[in-house]
Amino acid sequence: QYSFKRMPNFIVPRSGMSATVLQDGRVLFIGGNDNSDLSLKSTEIYDPKTNKFYKAGDLNEARTFHAAILLKNGDVLVTGGNKYEKGKGRTSLKSAEIYKTKENKFVKVNDMQEVMLLHKMYMLKNNNIVVLESPNEIQIFDIKTDTFKKMQGIPYDSIGCSYKFVEMNDDEILMYPFYYQQGKTPIVVFNKKDLSLKKLDINPFQNIKYNTNLSQTDRKSTRLNSSHIPLS
């Protein structure tokens with residue numbers, strides 16, 4: 001049986017943060033935006049044993065909509081996102097840093113080859129990390145040298161659409177766009193084992209029928225929901 005229970009509040013109000021389960025079961029919440037939509041450097045750790053949040057080390061660079069992943073050694077890699085500063089506007093980031101769990105501090109590592117936002121990271125068989133934003137925006141993080149290398153992706157006429165990711169099995173990751181447009185937003189399977197990309201020649205939304213009697217607001221909601229149809 002599963003149920004929801006009310007958790008304590010964050011120490012600092014935040015949204016757009018990442019959450020990473022550490023090896024000891026605690027959860028690290030990184031960055032995000034505050035109530036004024038400004039990006040945060042602060043991080044917090046939730047301890048399920050005490051049901052409390054505790055302040056953790058600060059980031060080197062405030063960020064939101066970034067990605068984070070637990071490494072084999074128990075540390076956490078944090079990449080990209082964007083930063084919104086008062087009077088300076090929003091800046092996309094290609095910086096990266098690692099949370100040293102034992103020292104409770106963030107250490108800067110080499111920048112990514114390009115900025116990334118709303119992306120995901122997955123561990124490869126050799127413990128390196130693949131960073132995915134779209135079929136044409138892929139980087140590999142070398143765990144031994146703390147450096148990023150850009151991988152050749154599938155070129156396409158992008159319309160700037162964000163992608164979602166589904167782990168289909170131990171090796172394959174399905175990459176599909178929020179809004180599918182034939183020829184402009186390809187659906188791709190990324191293989192973690194051999195780092196290959198396979199373009200799928202399908203239109204998962206071709207059988208969707210819209211109710212033309214819906215109001216403009218309801219029709220917009222229907223379009224948004226259709227982008228999350230599970231693919232088989």
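No hydrogens, no waters, no symmetry mates; every other heavy atom, side chains included, goes into these values.
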Checklist line | pair I98-D146: side-chain heavy atoms closer than 4.5 Å | finding: yes
Item checked: Side chains of N169 and D171, donor plus acceptor under 3.5 Å -> no
Checklist line | Crowding at CD, E103 (>12 non-hydrogen neighbours, <6.0 Å) | finding: yes
Notebook entry, point to check: Is it the case that more than 12 heavy atoms not belonging to K52 sit under 6.0 Å from its NZ atom?
Noted result: no
Notebook entry, point to check: Could you state the interatomic distance from OG (S196) to CG (N191), rounded to the nearest 0.5 Å?
Noted result: 4.0 Å
Next item on the list: Check I11 against F53 and note the closest heavy-atom contact, atom names and distance.
Entry: CD1-O, 3.7 Å
Notebook entry, point to check: Side-chain heavy atoms under 4.5 angstrom apart, residues restricted to Ile, Leu, Val, Met, Phe, Trp, Tyr: same cluster for I69 and I143?
Noted result: yes
Next item on the list: Go through the steps for F65 and H119 under the test side-chain contact (heavy atoms from CB on, under 4.5 Å), then give the verdict.
Entry: CA-CA 8 Å; F65 300 126; H119 52 293; over 6 Å; no
Item checked: L28 to A56 - nearest heavy-atom pair and separation -> CD1-CB, 4.3 Å
Check: Salt bridge between K83 and E61, side-chain N to carboxylate O under 4.0 Å?
Finding: yes
Next item on the list: Dump the intermediate steps for salt bridge (Lys or Arg N to Asp or Glu O under 4.0 Å) on E44 and R14, then the final yes or no.
Entry: CA-CA 10 Å; E44 304 179 33; R14 64 184 71 233; 2.9 Å; yes
Margin query: Using 0.5 Å steps for rounding, measure from the CG atom of L132 to the CD atom of E137.
Written below: 10.5 Å
Notebook entry, point to check: Roughly how far, to the nearest 0.5 Å, is the CZ atom of F190 from the CD1 atom of I154?
Noted result: 11.0 Å
Notebook entry, point to check: Can you name the closest pair of heavy atoms from L195 and K192 and give their distance?
Noted result: CD2-O, 3.8 Å
Checklist line | Positive for side chain to side chain donor-acceptor pair (under 3.5 Å) with K150, one of E114, Q113, Q139 | finding: E114
Next item on the list: Measure across N33 and S39 and return the closest heavy-atom pair with its distance rounded to 0.1 Å.
Entry: OD1-OG, 3.4 Å
Notebook entry, point to check: Quick one: are D75 and V107 in side-chain contact, heavy atoms under 4.5 Å?
Noted result: no
Notebook entry, point to check: How long is the span from the CG atom in L117 to the CG atom in L93, to the nearest 0.5 Å?
Noted result: 9.0 Å
Margin query: If the threshold is 4.0 Å, N to carboxylate O, is there a salt bridge linking E97 and R63?
Written below: yes
Next item on the list: Answer yes or no: are there more than 12 heavy-atom neighbours, outside D194 itself, under 6.0 Å from its atom CG?
Entry: yes
Checklist line | Closest non-hydrogen atom pair, G31 against T43 | finding: N-CG2, 4.1 Å
Check: More than 12 non-hydrogen atoms from neighbouring residues, nucleotides or ligands closer than 6.0 Å to NZ on K105, yes or no?
Finding: no
Checklist line | K49/D47 ion pair, N-O < 4.0 Å | finding: no
Notebook entry, point to check: Is there a donor-acceptor contact under 3.5 Å linking the side chains of T20 and Y99?
Noted result: no
Notebook entry, point to check: When you look at D111 and K94, which way does the salt bridge (Lys or Arg N to Asp or Glu O under 4.0 Å) test go after all the steps?
Noted result: CA-CA 6 Å; D111 287 351; K94 64 178 181 180; 5.3 Å; no
Notebook entry, point to check: Under a single-linkage definition using a 4.5 Å side-chain heavy-atom cutoff for Ile, Leu, Val, Met, Phe, Trp and Tyr, are L40 and V27 assigned to the same hydrophobic cluster?
Noted result: yes
Next item on the list: Step by step, work out the side-chain contact (heavy atoms from CB on, under 4.5 Å) result for S134 and Y156.
Entry: CA-CA 10 Å; S134 75; Y156 60 96; 3.3 Å; yes
Margin query: For F29 and F10: C-alpha separation, side-chain torsions, deciding distance, then whether ring-ring contact (aromatic ring centres under 6.0 Å, His included) applies.
Written below: CA-CA 9 Å; F29 292 86; F10 285 115; 5.1 Å; yes
Next item on the list: Determine, using the 4.5 Å side-chain heavy-atom cutoff (strictly less than), whether L124 and I138 are members of one ILVMFWY cluster.
Entry: yes
Notebook entry, point to check: Do I187 and L174 have side chains that get closer than 4.5 Å, going by heavy atoms?
Noted result: yes
Item checked: Approximate separation, where rounding is to 0.5 Å, of I173 CD1 and M168 CE -> 9.0 Å
Next item on the list: Would you please test T79 and L77 for side-chain contact (heavy atoms from CB on, under 4.5 Å) and show each step?
Entry: CA-CA 7 Å; T79 58; L77 174 65; 4.0 Å; yes
Margin query: Do N82 and T91 have side chains that approach each other closer than 4.5 Å (heavy atoms only, starting at C-beta)?
Written below: no
Notebook entry, point to check: Does any non-hydrogen side-chain atom of F106 lie less than 4.5 Å from one of V78?
Noted result: yes
Check: Quick one: are the ring centres of Y163 and Y176 less than 6.0 Å apart?
Finding: no
Item checked: Approximate separation, where rounding is to 0.5 Å, of N110 CG and K149 NZ -> 15.0 Å
Checklist line | Heavy-atom side-chain contact between P135 and L197 under 4.5 Å | finding: no
Notebook entry, point to check: At their closest point, which heavy atom of L118 faces which heavy atom of F165, and how far apart are they?
Noted result: O-CE1, 4.3 Å
Margin query: What I want to find out is whether E172 reaches K198 closely enough, with some N-O distance under 4.0 Å, to be called a salt bridge.
Written below: no
Note to self: Hydrophobic clustering (ILVMFWY, side-chain heavy atoms < 4.5 Å, transitive) - are V131 and M175 grouped together?
What the structure shows: no
Check: Does the pair R90 and D37 meet the rule for a salt bridge (Lys or Arg N to Asp or Glu O under 4.0 Å), with working shown?
Finding: CA-CA 10 Å; R90 196 174 301 277; D37 201 32; 3.1 Å; yes
Next item on the list: Using the rule that two of Ile, Leu, Val, Met, Phe, Trp, Tyr join whenever any of their side-chain heavy atoms come within less than 4.5 Å, decide whether M112 and V109 are in one cluster.
Entry: yes
Check: Do D58 and K55 meet the salt-bridge criterion of a basic N to acidic O distance under 4.0 Å?
Finding: yes
Next item on the list: Mind running side-chain contact (heavy atoms from CB on, under 4.5 Å) on T101 and R26 for me, showing each step along the way?
Entry: CA-CA 11 Å; T101 306; R26 295 179 302 156; 4.2 Å; yes
Notebook entry, point to check: Quick one: does N104's side chain have a donor or acceptor within less than 3.5 Å of a partner on G57's backbone?
Noted result: yes
Check: Between S18 and H66, does any side-chain donor sit less than 3.5 Å from a side-chain acceptor?
Finding: yes
